[in-house]
Structure formats: C-alpha cells, structure tokens
Amino acid sequence: MELAVTNVSKKYSSKKYGVSDYSIHISSGILGLLGPNGAGKSTLIKMISSISKPTSGTISLNGNDIVKSPNYIRRILGYLPQDFGVYPNLNAFEFLSYIAAMKGVGGNGLYERIEKLLVELNLIEVANKHLGTYSGGMIQRIGIAQALLNDPKVIIFDEPTVGLDPEERLRFRDLISDLASERIIILSSHIVSDIQSIADEVAIMKDGNLIAKNSQEDIIELAKGKVFETTVNRSNIQNFKKYHTVVSSYRLQDNFRVRYLSETPHVDAQPVAVTLEDAYIYLTKN
Amino acid sequence: MRSFINIIKGNYLQYVRSYSFLITVAISVYVALSLVPSPKATYSTIRLGAFTGDYNSVWIGLVIAVMASTFLSLAGFFLINGSIQKDIETRIGHIIGTTQISNSSYLFSKLISNLCILITILGVVLLAGIVLLFVFGSQYTLQLLDFVLPLLLITVPTLFVVSALSLALEVLFPKKRFVQYGIFLIIYFVSLFGFSTEKNATFDMFGIQEPIAIVTEQIQQQHPSESTKLIIGFVSGGRDLDKVITVERISFSQNYVWNRLLWIIIAMLATFLVSVVFHRFNIKEKLVLSSKKVSLQTQNSAGFQLSNLAITPEFSSHVSPLIGAEIVMLVRKSPKWLIGISFCLMFAMIFVPLKFAHYYILPLVWFLQVGVWSDLVTKDISFRTYYFTASSYKPLQRLFVSRILAGVCIALLIAMPLLVCYLVELDFHTIVNIVLGAIFIILLSVFFGTLTKSKKLFEIVFFFLIYSNINLVTLTDYFGALHNSVSYTLMMILLSVVLFCMSYSLKKIRYGN
C-alpha cells in the first residue's frame, strides 16, 4: 500500500490556505499526525478520505489518482471523523447494516461481522437500543465499529479516543497496533501519548505545512539537548513562562518543578531524556 | 439590556447569514410580485365583490399588508419555528442552560430575533411593492406613509403573535414538530375563518377586518347597491373582469390601534407565561427499545480484539439494502399517531367517490408526510452523518438515488388504494399521472433540500401546494387531479427530469465526484 500526497494545496480564500503545497508519502503502518489547532490536519484528512477536493496537487493510492477516481479509496476506506452523529431512530445493528450498505459491503458474513464488532466494542448488550439513547463514549465506539466494517485497507482515525475512558483508550491502542499489518493507518490526535505508544512514523503539521515526518526516534533526536528541568520559585513562575517554552510543570510546595525547552539553559537546570511531546512542542513553537 | 440586544443580534445574524435565508428572500420577492397581479394577470388577490382597487399607494400598501398578515404569518411560522430546537441540536442549549440568562430573557430574545427575521422579509416585500407601484401605477406618486402604516398596524402585530406562538409551542411540545404544526394550523384557520369577521373584530388576530370595512364603505358610498363580499387569496379571474375603483387613504380608528397593541401585549404575556415552564434544555431522552429485535448470543470479550473479527464480508454494490434502510428510517421518523391517521385516510380512499379521493385525500395524506420527506437529503446535516455518506462507495449513484427511490416507494404506497381503484376503472393514464406526481413531489423535496441544505423551503412550498390543491387551482395540480392530457403528462415527465438533473448535478458538486 502506498499513499502519495503530492504538492497538494487547499485554498479557502485568496489569502487563506488550509493546506499549502503539501507532500507526504505514506506506506503500510501507523502514521501519527500531530499539529496544533488550525494546522490543517482535518483538511488533509478530508482530502485523503475523498470528502473534499484539493485546489491543486494530486493524491494517489497505489498509483491511482483518488482525486479523479474517489471510489477507488472509498471501497477500502475506514474513516472515523472527529465530529460525527448517528441516526437516533436506528439501533446499533441497523445503523451498522446501513453504513455497510453505503460502503458496498454485504453477503452472508455481514451479520456475523457486525455482531462480532459489537461484541469486541462492548456494545452487544445495548445493540437493540436506539442510538439516540447512547452515551458519548458508546457513540464513539459505534464510530470505530463502522470504520472497521468493510475490512478496510486504509484507515483514518481523526481524534479517535475522544469520549473513551482510560481503559477503553488502552484497548483502542492495542486494536490499532493489531490492525497495522498490510494497512495504512493515519491517526490524528492532540494527545501525543496516544501516538507515542503506537505510531511507526510521526508527521507534524503547522500552518498547513508539513514541518517534520520521520520515525519517533528521529523526531525526538531533533530536540535532543534542548530539554531541561529546573525548580522555579512560585513568585517567579509567570515571568519564567514568559521567556521560556514550558512543556510541563508541577507544584512542589512553594516552588514549581518546570520542564522547558532552551538552547541556553540555566546553570541549575538538568538536561532530561527527550519525549515525543517535547519534540512536538520544540518543532511547533520554534 | 446590552447583553439582551447582543443575544438578539447573534440569533438574527446567525439566521440571515445562512444560504437558505438568501433563497427565502428570493422567494419573498417572487411572492411579493405575485401579491400585486399585473393588469393582464388571470388571477387576483383581494377582491370586494366585483371591485378591486386602482394601483395607488393606498391599495398596493393595503394588499401587501393584508396578504402578508394572512399568508406571510403562515409561511413565517414554518420559517422561524425550530429556533429553540436548533439550540438543542447544536448543543448550544447546554451552554445557555448554564449561563445566568433567565428563561424569560432567553425567550424574549428569541421572540424579538424571530420577529426581526420576519420584518426583514416584510421589508423586502415592501420594496417590491414600491417597485410595482411605479411599474403598474405610473399615474400615482409614492406616498410612503400609505405603504408603511398598514404594514405597521396590520402585519407587524400578527407577526408578533406568530413569533410568540411558535416559541410557546416549541416550549410546550419540545421535539414534537408535528404536534406544533398541527396546533398552529388549527389556531391559524380558526382565527382566519372564525374571528376575522365583522362580528368578531375584537378577536381578529390578523387585523384585516377594519381596514377592509373602511374600503368597503368607500365602495358602497360610490356604488350603494353593489355586493362587496371579501374574496382573499390567489383567486382566478383577472382585473379585466373587475370594476376598478380608486381607494382613498385609510384612517385607522383609535380602537383599532389599541386592539393591535393588545395583540402585541398578549404575545409578550404568552412568552412570559411559557418561560415559567421552559425546560432550559434539560430534556430527558426516552429509552426506547427498537421494534426489530436482533437475536444476539451472550458473548464476552476482553474488548477490541481484532483477531476475533475473522469474517470478512463480501463486496456488494446492490442498492436494495440501502433502499430498505431508508424506508425503515422514513417510517420510523413519523409519530405513531400520524401513521394511524395516514392509514385511516388511505383506507378512506377506497370508500369515498374516486374524484373526491383524488382531489382532496391524496394530496392531504401526502402532505402529512411533509416532515419526513423534507428530511430526505438533509438528514446528513441535521444528524451530522455527512462524513460517513460523503466517504461511502459511489454515494451519488447509490445512496442519493436510493433515498429518492425510498421516498417514491412511500409516496406510491400511500397512493396505492387510489391506484388500485383507477386500475379497476382501467384508467391507466391517471395512474401514470399519479405515479408522476409521487416522483415529482419527492424530487421537489430533494431539489430544495440539496439547494438550501435545509428542509424549511420544501415545507413552506409544500404547504402552499396543498392550499392551492384543495382550492383546485389547476396551475399547481402536480398529481393529475385536474388534468388528463398527454401534454400534461409530458410536462410532468420533463419537470421531473429537470428536477432530478439539477439535484444530481448539485449533489455531484457537493460530493466532489
């Protein structure tokens, strides 16, 4: 599987670009897509999933232009949008059957696959209830189920862990790892830890551009020697934050223990092991 | 006060900046132009016996004010109804519910913003009327007061009442759109035909009785022995059949002005009263079990184990499952009592005279499905499932077409008793016309839904269609009740093809393929 996004731009107005001259090649495996709000992640995802067309550039899957022939990817696509709803008058089984019909999936195995999906997603007990009565987490799991209905070869999850409890989040990570072989999985999330634990490669976007794409190790390498920890007095913390890029901080009685990025650290600051979150903030803030 | 105005402003701008409002304004211009028929038109809107007014500021102002009070109030209700529902759907209601705003402030802000929307449309109608004065009544000069005063005294209080009524029904019957529509229509028709008469002038919500009485008096002074019975609506017969008289400026009595003010106070009082029982977006969802029970074995799982999904379903591009699912959704959307009424009317079609069933019952029972059909292609937006449908396999050729077919299937199922009766009579041409009518009305819903991404326009147009169908207006007969010629059948085929092609092209642009 080879997905190639080449010189793609999405122009919203004469001066505003969602994505600008963007190129990325994605092979089988899990690609974590990171970026601050407004970086263009959702715009890119919508173009790859054939929901919107790029203003210029090409997107191809295994050499087939999916801008011109969107049904090539639609047949093998599993897509979980960031913001979606369901038909409240249908129950889980009916809704998934309906989505299966939309995806062009049928045959004798469909009923059993839906049932298995509902079992695996812990929804089987409520499968006869109308979706209008489901909680946010249950709806999110219905979204995950519909994305997996057609045994997809390209899977796009946009903020998939929203609404899931910590245990479900861990299970979801396992599921994605399980799916990865022979498939392209694009996982867009604000939660760096979701991506850190499972992504083979990480792409970081900012202002509609790709600013880094590499393995986690190589991306972490970019921030090596630039992450420090120090203790700052409570009265100085606001001033410290003003002049440094703080990754995280926690309180220690009258002081704060601060993790921050710097080229020239304080004398009492200790260098620490770099995480993906440090590297992400280093790349997007600088 | 400032925050109150800001809320009104926000509500108002949110609505008028929508694409559907632009379409509404365009239609308002068309309707305004049709309210004042050209001298060569074959219909008239207000006639007093055999008399109609010469096109001066007084007459055009009066016609626009009276017609807007009676008809814009009807269309306006459908236009503004759902403003609280919108806050529920967008979940803004949950935020509003946690703010300091009181129930009455929230509802009054909705009342005023809804009124502003209707007054904006009224402004468009007024401008169109002024243009028509110069087009049709070149010998008169524009007297702005003659235009504006009737609108202020006749129409605006009615719009106030309609805005309040819409809000009250939304508060009292949340999420029950059919009930809201039903109660409004009962109030509307009872008010129009029961109280807008000389004897009940005090209860004349539309405020048309006194101005019409003043004009009648003017006519009777010049023609004492002539009948001046009021005929209002889009009635056949043009100005060439009428006696044209010049209507002088109308002086509204002080009692009338107080009466109109009283209606505004009643509207505000009603809004205040319902604010006491306003749910403040704390609406309990009913836990309902599906009618279709799926036989499921009790199975346990550690959860999210992909290896358990060993079965890979086959690829199938058949549309029959889609049509089936769409039909299920259409049926489930109707409340049970509405399905009951529809079945009773379908049953009645067999026993009443054939023409009566065709002229009156068929359009009525089709109209009862307005809430379901208007949602045919807009439910992706209202239920936020657009991304699922847009990324599905061949959405245009499969899903879009399935939705049309599902709608047509329901329409034909409803018409089935009548179709069988015509089959017994061997009247195949009428059968074809009814089938074309079913296709046409569904495609009309699809076209308006695709164009505006909203169901309101179709609902309003469908209402005016049923109004004119029951009044046997030949121009709007889309189901072959009043026509039986080959040219009519060909025209309906052509119209359906045009509607389908336009909807398909629009949807193609939206789906980006």
Side-chain angles (χ1 to χ4, degrees), chain A residues 46 49-53 69-71 74-75 77 79 81 83-91 93-94 97-110 112-113 115-122 124 127-130 132-133 144 146 148-151 167-168 171-172 174-175 178-179, chain B residues 89 285-294 296-326 328-329 331-333 379-380 382-395 397-399 402 511-513:
Chain A
K46 279 180 200 166
S49 55
S50 78
I51 289 168
S52 76
K53 276 187 174 183
S69 312
N71 288 317
R74 283 170 180 167
R75 203 173 147 170
L77 177 72
Y79 174 46
D83 181 35
F84 68 93
V86 290
Y87 297 124
N89 290 330
L90 297 184
N91 67 32
F93 195 89
E94 289 164 340
S97 304
Y98 178 68
I99 298 281
M102 281 204 281
K103 286 171 177 260
V105 173
N108 296 329
L110 178 64
E112 210 171 334
R113 187 170 175 91
E115 195 174 331
K116 292 278 184 195
L117 272 168
L118 291 172
V119 169
E120 293 310 314
L121 289 157
N122 290 328
I124 199 75
N128 280 321
K129 285 184 178 171
H130 285 188
T133 64
I144 295 168
Q146 66 77 30
L148 301 175
L149 268 173
N150 54 334
D151 193 26
E167 194 187 345
E168 286 169 345
R171 286 178 182 173
F172 180 73
D174 293 343
L175 169 83
D178 203 5
L179 281 169
Chain B
E89 284 169 3
E285 297 285 351
K286 270 198 296 182
L287 275 163
V288 188
L289 282 179
S290 159
S291 53
K292 184 188 172 186
K293 292 273 184 189
V294 183
L296 298 164
Q297 299 156 13
T298 308
Q299 297 174 55
N300 294 317
S301 166
F304 295 18
Q305 299 293 309
L306 189 69
S307 50
N308 287 341
L309 303 177
I311 308 111
T312 304
E314 298 160 21
F315 177 75
S316 163
S317 60
H318 293 152
V319 291
S320 49
L322 277 175
I323 298 172
E326 289 290 344
V328 167
M329 275 197 279
V331 173
R332 289 240 182 107
K333 209 182 165 222
K379 60 175 175 274
D380 293 343
S382 46
F383 294 124
R384 294 181 300 126
T385 54
Y386 175 75
Y387 292 142
F388 293 148
T389 52
S391 62
S392 66
Y393 181 64
K394 295 190 176 178
Q397 297 91 331
R398 298 174 70 247
L399 184 65
S402 300
Y511 279 143
N513 63 356

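Residue numbers start from 1 in every chain, and the chains themselves are labelled A, B, ... in the order their sequence lines are given, proteins ahead of strands.
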Give the minimum heavy-atom separation between R332(B) and H130(A), together with the two atoms involved. NH1-NE2, 4.3 Å

Tightest non-hydrogen contact, residues S50(A) and S391(B), listed as OG-CA, 4.2 Å

Do [X] and [Y] have side-chain heavy atoms sitting under 4.5 Å apart?
{"X": "I51(A)", "Y": "Y386(B)", "value": "yes"}
{"X": "S402(B)", "Y": "M102(A)", "value": "no"}
{"X": "Y98(A)", "Y": "M329(B)", "value": "yes"}
{"X": "V328(B)", "Y": "L90(A)", "value": "yes"}

Without swapping roles, check the side chain of R74(A) against the backbone of P395(B) for a donor-acceptor pair under 3.5 Å. no

Do any N or O atoms from the side chain of R75(A) and from the backbone of K394(B) form a donor-acceptor pair under 3.5 angstrom? no

Considering only heavy atoms, which portion of L322(B) lies under 4.5 Å from any heavy atom of chain A: side chain, backbone, both, or neither? both

Measure S320(B) against the heavy atoms of chain A and call it side chain, backbone, both or neither at under 4.5 Å. neither

Nearest-0.5 Å distance that lies between atom [atom1] in [X] and atom [atom2] in [Y]:
{"X": "S382(B)", "Y": "Y87(A)", "atom1": "OG", "atom2": "OH", "result": "8.0 Å"}
{"X": "F84(A)", "Y": "F388(B)", "atom1": "CZ", "atom2": "CZ", "result": "5.0 Å"}
{"X": "K333(B)", "Y": "N89(A)", "atom1": "NZ", "atom2": "CG", "result": "8.5 Å"}
{"X": "D83(A)", "Y": "Y387(B)", "atom1": "CG", "atom2": "OH", "result": "7.0 Å"}

Check the pair F383(B), V86(A) against side chain to side chain contact (heavy atoms under 4.5 Å, CB included), reporting the backbone distance first and the verdict last. CA-CA 6 Å; F383(B) 294 124; V86(A) 290; over 6 Å; no

Contact winner vs chain B - P88(A), S49(A), S52(A), heavy-atom pairs under 4.5 Å: P88(A)

